[in-house]
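Counting begins at 1 with the first residue of the sequence. Remember, it's 1-based here, ligands and their atoms both numbered in the order they're listed. In what follows, every heavy atom counts, from backbone to side chain, and hydrogens, waters and symmetry copies are set aside. Predicted, not measured: the structure shown is a model, and the values here were computed from it.
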Amino acid sequence: MDAVLKRRGTIAGAALAAAGIGAILFAFASGSGAASQSSLTVNLPPAATDRIYSAPQARGRPIVVIDAGHGGRDPGARSVSGETSEKDLTLALARELRDDLVKRGRVRVALTRDGDRYLTLDERAAVARRLDASLFVSLHMDSAPNPLARGATIYSLSDVASDAEAARLAASENRGAEADAGGGSVQAMLSDLAMQEQMSASADLAARMVGKSAGRFELRPNPHRFASFHVLRRAEAPAVLFEGGYISNADDEVLLRSPEERAKIALALAQAIETDVAARSRR
Ligand SMILES: [Zn+2]
């Protein structure tokens with residue numbers, strides 16, 4: 001069922017979502033050899049509105065898309081206390097970052113989700129493409145078998161991972177993306193040159209985030225890392241994946257659940273985003 005849902009094309013998905021009601025979905029699943037047809041009834045989420053949040057003085061300013069990782073039937077990592085999950089904390093931080101950016105008035109903001117909704121990675125990246133976003137920031141919370149692992153990490157897109165852990169994280173965050181792409185996706189990929197530019201701009205943004213975050217909340221050693229994240233690649237804009245800390249660590253969980261502590265993170269990210277947008281528009 002997952003595979004069928006994920007194979008749903010974006011055009012069909014948009015049309016069905018626009019209907020706003022449950023719909024009968026037909027899909028051709030190409031198995032080994034003969035194609036088989038299947039159908040199922042799904043309750044579709046409300047249509048994506050691509051709502052843009054903006055202060056009056058920010059009219060016409062660049063758009064930043066904030067992506068709260070996971071959601072709906074995908075909770076992401078579970079916290080060590082068992083009381084919260086990644087999808088709830090990413091949404092809280094996304095809303096706080098949106099509010100900070102709107103209040104400061106230098107950019108406009110869109111969210112990939114503003115509720116407990118499941119979205120594929122391609123649907124998230126498609127928001128950035130539709131809105132011609134200047135930046136894409138995907139928010140996540142880390143988890144590791146080592147209960148002592150702590151601190152935030154900022155990942156930018158690269159073909160080659162900076163370390164084995166970054167490669168494992170990307171593989172885990174990319175789960176399901178192969179199924180998305182396997183459904184006859186006809187969207188063109190960026191040229192190699194455009195992709196190189198996207199990677200280099202993404203690395204600049206990540207470095208600015210490290211700079212603004214240092215000393216204000218806990219970062220891991222070598223906090224700027226690289227890996228091949230599907231959602232970043234498809235955003236077609238400078239894009240980073242921010243891991244706010246380890247909810248598998250008791251101390252980090254307490255911090256990440258505290259609105260006061262999250263406010264420090266949101267402010268640092270907001271300042272880095274504004275600096276980045278300003279530097280880019282000067283070129
Ligand atoms: Zn995640």
Are R233 and D159 close enough, and set up right, to give a salt bridge (Lys or Arg N to Asp or Glu O under 4.0 Å), and what steps lead you there? CA-CA 10 Å; R233 187 178 298 276; D159 286 327; 3.0 Å; yes
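- A salt bridge does not link E243 with R220: none of the charged nitrogens is closer than 4.0 Å to a carboxylate oxygen.
- One of the N, O or S atoms belonging to E173 lies under 2.8 Å away from the Zn ion (ligand 1).
- Each of S85, S143, S248 was compared with R78 under the side-chain hydrogen bond (donor to acceptor under 3.5 Å, both in side chains) criterion, and only S85 meets it.
- Taking the Zn ion (ligand 1) as the apex, the angle formed with ND1 of H140 and OE2 of E86 is 100°, to the nearest 10 degrees.
- The distance from the Zn ion (ligand 1) to the nearest N/O/S atom of D142 is not under 2.8 Å.
- Classification of E96 and R98 as a salt-bridged pair fails, no side-chain N sitting under 4.0 Å from a carboxylate O.
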